[in-house]
Participant: 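Let me begin by handing over the structure; questions about it come next.
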Amino acid sequence: PGAIDRLVTRNLCAGYGAADVLQSVSLNVRQGEMVALLGANGAGKSTFLRTVAGLMAPTSGQIVMDNADIHGLPPYQIVDRGLVLVPEGRQVFPELTVAQNIELGAYRRRTRPDPAELEALLTRFPRLRDRLHHPAGLLSGGEQQMMAVARGLMSQPRLLLLDEPSLGLAPAMIEELYAILAELRDDGITILLVDQMASLALAASDRGYILEQGRIVAEGSAAALLADDALISAYLGGG
Ligand code: ATP
């Protein structure tokens, strides 16, 4: 991973009502890195991703992507700059086929996806190949999650944000999904990942941040965070 920042937030504050959920969150993701944002339920991880993606307005602070201030831009303009959020819960269109769901990821692009591109994606997600023309609602949870990531990749992201990709998946499926995420990272895709599966997320990541009640309480290389048993049990429930 290079030393050039893809995303920087400085003193980011955001919330839903009177009180801010995010308390001055400063974080960076460099080009080519996979970074894990970890923390207990309610720590503010989804709020952070939603704010960066432009789905919520910050109350203060900066959001900089590739050296441009994206704070206050509407979500579609943020997508146009290459920041793509795969939200928790996957947002699958159950009646559409798997192929149609994936192609939706390209809807903002100026050029239509060519067959080679879909082919490359299917090589990455072999489980989806056999089911390409089935209604997406018939997929298992893990397959739907893979489809959601594939859809995100269809928009050719410069930064992919993943919210809880392992949520509700069987252990074998989680392993398979993480193996794919690691491959994507090795291909140079920059990823910011939120997950309850802290050890697994860190094992796949370069660096990590730990959020507790809206504040960053620890950050470091994934290896250093993983080796810190006290930290893991204090903030991540041993997970
Ligand atoms: P989880 O893993 O449970 O999603 P999280 O770390 O992603 O946890 P957030 O979903 O960002 O946490 O929630 C942070 C805080 O904001 C929580 O106290 C939550 O109750 C509150 N919150 C989240 N969404 C809303 C909302 N739409 N309106 C009001 N409060 C909200």
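Whatever order the structure lists ligands and atoms in, that order sets their numbers, starting from 1. All residue numbers in this chain count up from 1 along the given sequence.
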Participant: For the residue pair Tyr16 and Thr47, establish whether any side-chain heavy-atom pair is separated by less than 4.5 Å.
Facilitator: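 The answer is yes, as the side chains (C-beta and beyond) meet within the 4.5 Å cut-off.
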Participant: Contact between ligand 1 and Gly214 is defined here as a heavy atom of the residue under 4.0 Å from a ligand atom; is it met?
Facilitator: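 No; Gly214 lies far enough from ligand 1 that no heavy-atom distance drops under 4.0 Å.
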Participant: For atom 5 (P) of ligand 1, what's the nearest protein heavy atom and its distance?
Facilitator: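 Result: Lys45 N, 3.4 Å.
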Participant: Strictly inside 4.0 angstrom of atom 20 (O) of ligand 1, do you find any protein heavy atom?
Facilitator: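 Within 4.0 Å of atom 20 (O) of ligand 1, no protein heavy atoms are found.
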Participant: With atoms numbered from 1 as shown, which atoms in ligand 1 lie under 4.0 angstrom from a non-hydrogen atom of Gln196?
Facilitator: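 Going through ligand 1 atom by atom, the ones under 4.0 Å from Gln196 are 2 (O).
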Participant: Taking 4.0 angstrom as the limit and counting only heavy atoms of Glu164, give me the atoms of ligand 1 inside it, by number and element.
Facilitator: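 With Glu164 as reference, the close atoms of ligand 1 come out as 2 (O).
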Participant: Is there any N or O on Val21 that sits under 3.5 Å from an N or O of ligand 1?
Facilitator: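 No: no nitrogen or oxygen of Val21 is under 3.5 Å from one in ligand 1.
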Participant: Relative to the heavy atoms of Ala40, which atoms of ligand 1 are at a distance of less than 4.0 Å?
Facilitator: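 The atoms of ligand 1 under 4.0 Å from a heavy atom of Ala40 are 6 (O).
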Participant: Would you compute the distance between atom CG of Leu192 and atom OG1 of Thr190 and round it to the nearest 0.5 angstrom?
Facilitator: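 Here the interatomic distance stands at 10.5 Å.
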Participant: Please list, in number order, the atoms of ligand 1 under 4.0 Å from a heavy atom of Thr47.
Facilitator: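 In order of number, 9 (P), 11 (O), 13 (O), 14 (C).
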Participant: Measuring from Tyr178:OH to Met34:CE, what's the distance to the nearest 0.5 Å?
Facilitator: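 CE of Met34 is found 6.0 Å from OH of Tyr178.
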Participant: May I ask whether atom 14 (C) of ligand 1 is less than 4.0 Å from at least one protein heavy atom?
Facilitator: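 Yes, at least one protein heavy atom sits under 4.0 Å from atom 14 (C) of ligand 1.
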Participant: Is there a polar contact between ligand 1 and Phe48, counting only N or O atoms under 3.5 Å apart?
Facilitator: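 No, since none of the N or O atoms of Phe48 sits under 3.5 Å from an N or O of ligand 1.
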Participant: List every atom of ligand 1 that sits less than 4.0 Å from any heavy atom of Glu88, numbering the atoms from 1 in the order shown and giving each element.
Facilitator: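 Answer, ordered by atom number: 4 (O).
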Participant: Are side-chain heavy atoms of Asn28 and Arg207 found at a separation under 4.5 Å?
Facilitator: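 Asn28 vs Arg207: side chains touch.
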Participant: Can you give me the closest heavy-atom contact between Ala14 and Thr59, atom names plus distance?
Facilitator: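 For Ala14 and Thr59, the tightest heavy-atom pair comes out as N-OG1, 3.7 Å.
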Participant: Can Gly44 be said to touch ligand 1, with heavy atoms closer than 4.0 Å?
Facilitator: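 Judged by the 4.0 Å heavy-atom criterion, Gly44 does count as contacting ligand 1.
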Participant: Drop me the distance from Leu200's CG to Leu202's CG, to the nearest 0.5 angstrom.
Facilitator: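 With rounding to 0.5 Å, CG (Leu200) is 9.5 Å from CG (Leu202).
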Participant: Could you tell me, atom by atom, which parts of ligand 1 come under 4.0 Å of a heavy atom of Asn41?
Facilitator: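 Within the 4.0 Å cut-off of Asn41, ligand 1 contributes 1 (P), 2 (O), 3 (O), 8 (O).
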Participant: Mind checking whether Thr97 and His134 have side chains closer than 4.5 Å, heavy atoms only?
Facilitator: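 Heavy-atom side-chain distance check fails, nothing below 4.5 Å.
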